[in-house]
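Numbering of ligands and ligand atoms starts at 1, following listing order. Positions are given from 1 along the sequence. Everything numeric here is computed off the predicted structure, so don't read it as measured data.
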Amino acid sequence: MTANLLEIRDLHKRYGPLEVLKGVDCDVRAGEVISIIGSSGSGKTTMLRCVNMLEEFEGGTIRIDGEEIGFTTQGGVRTRKSEREIARQRALTGMAFQQFNLFPHMTAVENVMLGLQLVRKMSRDEARAVGETWLDRVGLLARKDQYPARLSGGQQQRVAIARAIAMSPRLMLFDEVTSALDPELVAEVLQVVGDLAKDGMTMLLVTHEMRFAYEVSSRVIFMNGGRIGEEGNPREMFVAPKTERLADFLKSSRFN
Ligand SMILES: Nc1ncnc2c1ncn2[C@@H]1O[C@H](COP(=O)(O)OP(=O)(O)OP(=O)(O)O)[C@@H](O)[C@H]1O
Ligand SMILES: [Mg+2]
């Protein structure tokens with residue numbers, strides 16, 4: 001049996017009085033592509049943000065390659081790890097969001113180079129070479145010296161994805177990376193994500209693109225009210241949902 005790359009156990013997260021994650025369990029093996037679907041407010045983004053320690057969670061554990069993320073638990077006592085350690089662990093995952101957040105005063109390749117130089121301590125030349133390799137992979141080598149304002153939304157998102165992947169994360173987290181894009185730009189970004197999936201990148205993918213989720217996922221998770229409502233392979237989930245809630249959700253999200 002293969003060990004889990006990511007292991008989430010009984011994850012609990014609240015914002016003040018609002019309990020957002022009510023005990024989530026999830027195992028992801030290397031190379032798996034997990035799509036997370038579910039209605040607005042069901043906790044999809046919060047789950048990804050906990051994996052990346054962008055949110056602190058009150059209960060449960062998250063492990064990447066067996067290493068507990070964010071906290072040390074000993075004898076039932078939970079201690080937050082040092083900021084330095086958390087920063088190191090955060091680099092185990094790469095994240096791309098709906099908003100691309102490129103630095104506007106840096107060119108495409110400089111955006112990709114920044115983390116390689118600051119976090120991976122590469123020389124400028126090394127970082128440029130890696131940056132160009134990844135821009136090439138997302139089809140943007142010819143645009144490497146453009147500033148973000150000169151790129152389309154789809155191109156900016158591809159740079160943002162290249163920037164995250166260039167850091168060699170163990171796991172990629174994608175949160176609705178096509179939601180802010182004009183419809184005609186969605187396909188080029190999904191193509192890039194799909195190619196990464198084919199290359200064996202392990203990923204957790206929050207998406208409203210049901211057709212895409214159906215095609216690329218090894219497994220689909222349906223979040224419902226802070227819990228996993230149903231999970232299974234794409235065929236089971238999209239063609240023969242077991243719960244009424246999932247069936248209703250799929251109807252409302254126009255899967256066809
Ligand atoms: N920083 C925050 N402070 C307070 N409440 C929050 C915060 N972030 C999220 N929430 C609440 O937590 C719940 C889950 O939010 P989350 O963003 O995880 O949902 P989601 O499934 O990603 O939804 P969507 O599909 O709209 O992106 C929502 O009720 C939301 O309003
Ligand atoms: Mg969200």
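- Asp175 and Thr45 share a side-chain donor-acceptor pair at under 3.5 Å.
- Geometric assessment of Lys251 against the ring of Phe249 yields a negative cation-pi assignment under the 6.0 Å and 45° thresholds.
- For the atom pair CG (Asp65) and CG (Leu5), the distance works out to 5.0 Å, reported to the nearest 0.5 Å.
- Of the protein's non-hydrogen atoms, the one nearest atom 26 (O) of ligand 1 is Ser40 OG, 2.6 Å.
- The backbone N or O of Leu141 sits nowhere less than 3.5 Å from a side-chain atom of Asp136 that would complete a donor-acceptor pair.
- Protein heavy atoms all stay at least 4.0 Å away from atom 30 (C) of ligand 1.
- Near Ser42, meaning under 4.0 Å from one of its heavy atoms, ligand 1 places the atoms 19 (O), 21 (O).
- For Phe174, the ring-ring contact (aromatic ring centres under 6.0 Å, His included) criterion is met by no residue, not counting sequence neighbours.
- Here the OG-OH distance, from Ser35 to Tyr214, works out to 13.0 Å after rounding to the nearest 0.5 Å.
- When atom types are taken as modelled, the side chain of Thr93 and the backbone of Arg90 share a donor-acceptor pair closer than 3.5 angstrom.
- Heavy-atom proximity to Ser39, at under 4.0 Å, picks out these atoms of ligand 1: 21 (O).
- Between the side chain of Glu230 and the main chain of Thr243, a donor-acceptor pair closer than 3.5 Å is present.
- Around the Mg ion (ligand 2), protein N, O or S atoms at less than 2.8 Å number 1.
- Residue contact check: Val20 has heavy atoms under 4.0 Å from atoms 12 (O), 13 (C), 14 (C) of ligand 1.
- For atom 16 (P) of ligand 1, the protein comes within 4.0 Å by at least one heavy atom.
- At the top of the distance list for atom 9 (C) of ligand 1, counting protein heavy atoms only, stands Tyr15 CE1, 3.4 Å.
- Here is the list of ligand 1 atoms found below 4.0 Å of a heavy atom in Glu176: 25 (O), 27 (O).
- For atom 23 (O) of ligand 1, the closest non-hydrogen atom of the protein is Gly41 N, 2.8 Å.
- Counting heavy atoms closer than 4.0 Å to ligand 1, residue Leu18 contributes side-chain atoms (C-beta onward) but none from N, CA, C or O.
- With values rounded to the nearest 0.5 angstrom, Leu116 atom CG is found 9.0 Å from Glu126 atom CD.
- Using modelled atom types and a 3.5 Å distance limit, the side chains of Glu32 and Thr202 yield no donor-acceptor pair.
- In this structure, Met223 has no heavy atom closer than 4.0 Å to ligand 1.
- Remark: the backbone N or O of Asp10 is paired with a side-chain donor or acceptor of Asp25 at under 3.5 angstrom.
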Worksheet entry | Verdict with supporting geometry, Val159 and Val112, side-chain contact (heavy atoms from CB on, under 4.5 Å) | CA-CA 7 Å; Val159 173; Val112 181; 4.2 Å; yes
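- Protein heavy atom closest to atom 25 (O) of ligand 1, with residue, atom name and distance, is Lys44 NZ, 2.7 Å.
- Near Thr45, meaning under 4.0 Å from one of its heavy atoms, ligand 1 places the atoms 17 (O), 18 (O), 20 (P), 22 (O), 27 (O).
- In terms of protein heavy-atom proximity, atom 18 (O) of ligand 1 is closest to Thr46 OG1, 2.5 Å.
- In terms of polar-atom proximity, Glu55 is not counted as a contact of ligand 1, lacking any N or O under 3.5 Å from an N or O of the ligand.
- Between the side chains of Glu55 and Thr46, not a single donor N or O lies within less than 3.5 Å of an accepting N or O.
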